[in-house]
Colleague: 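Let me begin by handing over the structure; questions about it come next.
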Amino acid sequence: MRARGFLSGGWLSVYAFLYIVFLYLPVIFLPIFSINTAPTPKFPLTGFTLQWYADLPHTPALLDAAWNSLKVGVCASVLATVLGILAARSITRYRYPARRAIHGLIMAPLVLPEVIVAISMLLVMLQLGLSLSLFTVVLGHVLVCIPYSMTVLTSGFEGFDRSLEEASADLGESAFGTFRRVTLPMVAPAIISSLLVCFTISLDEFIIAFFLTGTEATLPIYIWGQLRFASKLPGVLALGTLLLVASFLLMTIAEILRRRAARRTRNEGGLYA
Amino acid sequence: MTAAVEGSPPLRMTRARRNALLQSEPVQGFALISPTFLYALILLVLPILVVIAHSFWTQHYLTIDRTFTLENYRVALTEPIYRDLLWRSLYISLTVSLFTVILAYPIAYFISFHGGRHKSLWLFLITIPFWTSYLLRVMSWKVILGYNGVLNSGLMGLGIIDEPSTALLYNSSAVIITLTHAWAAFAILPIFVSLEKVDRTLVEAATDLGDGPLRSFLRVTLPLSAPGVISAALIVMIPTVGDYVTPKLVGGKDGVMIANAIQAQFGKAANWPLGAALSVTTMLIVTLMAGATVLIIRALQRLAR
């Protein structure tokens with residue numbers, strides 16, 4: 001065996017470790033300073049406190065924002081997932097002209113600058129005479145969530161064996177019965193995964209909400225408003241930590257479900273292939 | 001044969017053909033995707049067309065004059081303030097995409113070639129921070145780089161510096177660092193995917209034919225993974241050029257980018273047509289820059305072989 005120099009697994013794993021530190025370190029400061037007694041985030045730490053967390057439920061504006069975020073997140077994730085199911089099913093099962101172009105268009109919000117997506121929707125909504133509200137935020141969030149929903153669902157639908165559905169139809173199930181008793185159980189984990197991913201994106205999304213909301217704030221908009229006041233920082237850090245934990249949990253569950261969905265369709269399809 | 005009999009077969013055939021058409025794959029597939037497609041048309045394509053239309057109009061206080069004019073583009077391209085912001089945004093997004101790709105490549109290589117059974121766990125570990133709120137990640141950089149921030153207090157605690165440095169925050173380097181961190185995961189995935197497609201037997205063949213590890217990497221693996229490098233560069237470059245939050249939070253006066261000017265036109269300055277022209281110009285220039293990047297990487301790829 002020759003020495004493989006800088007391409008060896010050894011050096012690369014050191015680099016990988018440092019890279020993970022670089023990715024996680026900045027994020028970890030939020031929880032650290034959210035339990036520190038000093039109101040400004042700096043070293044050395046002064047002492048442990050949960051006071052900043054205890055203050056959170058006594059802030060009405062924050063509770064309103066949380067409620068708004070919840071409403072927007074639920075509506076956006078359900079709508080985006082329904083539209084994602086239709087599109088992912090069409091993309092994975094059928095072949096037709098312009099299929100790739102349509103797919104590309106639906107995925108486009110992923111690579112466009114968010115500001116430009118946001119202001120163009122703002123212009124149209126104002127032109128159409130829609131007044132800005134949480135509803136317009138939902139419309140915007142659905143657009144940016146669909147590409148993620150599509151990605152999750154396509155990986156769940158791919159390898160889905162059509163002969164299972166055909167067998168069910170041949171054995172006398174109605175179209176709806178086939179969908180409910182064959183298709184749905186197979187893709188359910190992918191659908192739940194898509195709902196969680198979209199909810200997380202909507203919960204964390206700032207730019208589109210910032211442009212498209214009227215007077216009602218979502219959580220990121222509330223945080224943005226608080227950032228102007230240095231004295232409010234510990235509360236923002238505490239709230240931010242809670243959001244980080246929520247995103248982390250939701251995404252972990254989503255990932256586990258997505259993998260289960262991919263495994264399920266592939267294995268069970270394989271049995272009948 | 002009677003006329004009636006003669007008339008009916010074509011009729012039956014059209015009905016049969018219409019049924020066949022309705023049940024055909026293309027029609028069913030298209031029908032299924034059409035709600036999502038329409039949604040994207042109405043909320044993405046139509047709005048972008050409206051922006052393009054606005055960029056040729058003029059704002060008169062509260063009304064918009066719809067006579068065709070190129071005045072907004074003249075302002076966007078020649079006024080020093082917008083020209084500088086555009087240049088800076090392009091410079092920042094180009095630098096950020098260069099850094100993210102260079103930093104991401106070894107990780108993608110490591111996961112693909114040395115990840116073993118844990119490939120998906122590695123990918124998951126790397127994407128997790130990306131799923132946390134963008135706003136919060138930018139905020140944590142503000143906490144790190146600030147005057148009383150982590151870095152300054154840490155360096156002072158270690159006795160490396162005597163007083164807090166003001167050079168860390170509120171400039172374009174702070175914007176570049178923050179964006180490089182924010183987009184890291186985005187660059188890893190496409191490079192990883194293209195490295196997974198590299199035929200391992202080709203690398204072995206190169207080694208068997210006497211290429212050292214570095215040479216076989218440069219002549220086989222790297223050129224074959226060029227498509228991943230291209231998509232990684234584009235997926236970072238295009239969105240970062242229009243970033244709003246990072247310049248606003250950590251950029252200060254020297255780190256302002258074009259998105260902040262666009263926002264101002266739709267907010268305080270209330271000049272929608274100019275904001276629209278700035279948006280269109282930004283998109284056009286970043287598209288050109290992206291095209292140039294693709295050409296350069298492809299040329300390098302050919303050169304390497």
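What you see below is based on every heavy atom in this structure, not just the backbone, and it leaves out hydrogens, waters and symmetry mates. Given the structure is predicted, the values throughout are model-derived calculations rather than measurements. Letters A, B, ... mirror the listed sequences (proteins, then strands); counts begin at 1.
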Colleague: Run A/D204 and B/R137 through side chain to side chain contact (heavy atoms under 4.5 Å, CB included) and show every step you take.
Modeller: CA-CA 11 Å; A/D204 288 336; B/R137 276 178 288 150; over 6 Å; no
Colleague: What part of B/A104 lies closer than 4.5 angstrom to a heavy atom of chain A: side chain, backbone, both or neither?
Modeller: both
Colleague: What part of B/V286 lies closer than 4.5 angstrom to a heavy atom of chain A: side chain, backbone, both or neither?
Modeller: neither
Colleague: Under 4.5 Å from any heavy atom of chain B, what part of A/I28 do you find: side chain, backbone, both or neither?
Modeller: neither
Colleague: Quick check for you: among B/S120, B/P26, B/G242, B/G29, which has the greatest number of heavy-atom pairs under 4.5 Å with chain A?
Modeller: B/G29
Colleague: So what's closer than 4.5 Å to chain A heavy atoms on B/I144: side chain, backbone, both or neither?
Modeller: side chain
Colleague: Where does B/I48 contact chain A at under 4.5 Å (heavy atoms): side chain, backbone, both or neither?
Modeller: both
Colleague: Taking side chain as everything from C-beta outward and backbone as N, CA, C, O, which of these in B/L49 sits under 4.5 Å from a heavy atom of chain A? Side chain, backbone, both or neither.
Modeller: neither
Colleague: Which atoms of B/I258 come close to chain A, meaning under 4.5 Å heavy atom to heavy atom: side chain ones, backbone ones, both, or neither?
Modeller: neither
Colleague: Quick one: what part of B/F186 sits under 4.5 Å from any heavy atom of chain A, side chain, backbone, both or neither?
Modeller: side chain
Colleague: Under a 4.5 Å heavy-atom cut-off, does chain B meet the side chain of A/L18, its backbone, both or neither?
Modeller: neither
Colleague: Could you tell me if A/E114 and B/Y244 have a donor-acceptor pair between their side chains, going purely by distance under 3.5 Å?
Modeller: no
Colleague: Quick one: what part of B/F266 sits under 4.5 Å from any heavy atom of chain A, side chain, backbone, both or neither?
Modeller: side chain
Colleague: Report which part of A/L143 has an atom under 4.5 Å of a heavy atom belonging to chain B: side chain, backbone, both, or neither.
Modeller: both
Colleague: Okay, side chain of A/Y24, backbone of B/L125: is any donor-acceptor separation there less than 3.5 Å?
Modeller: yes
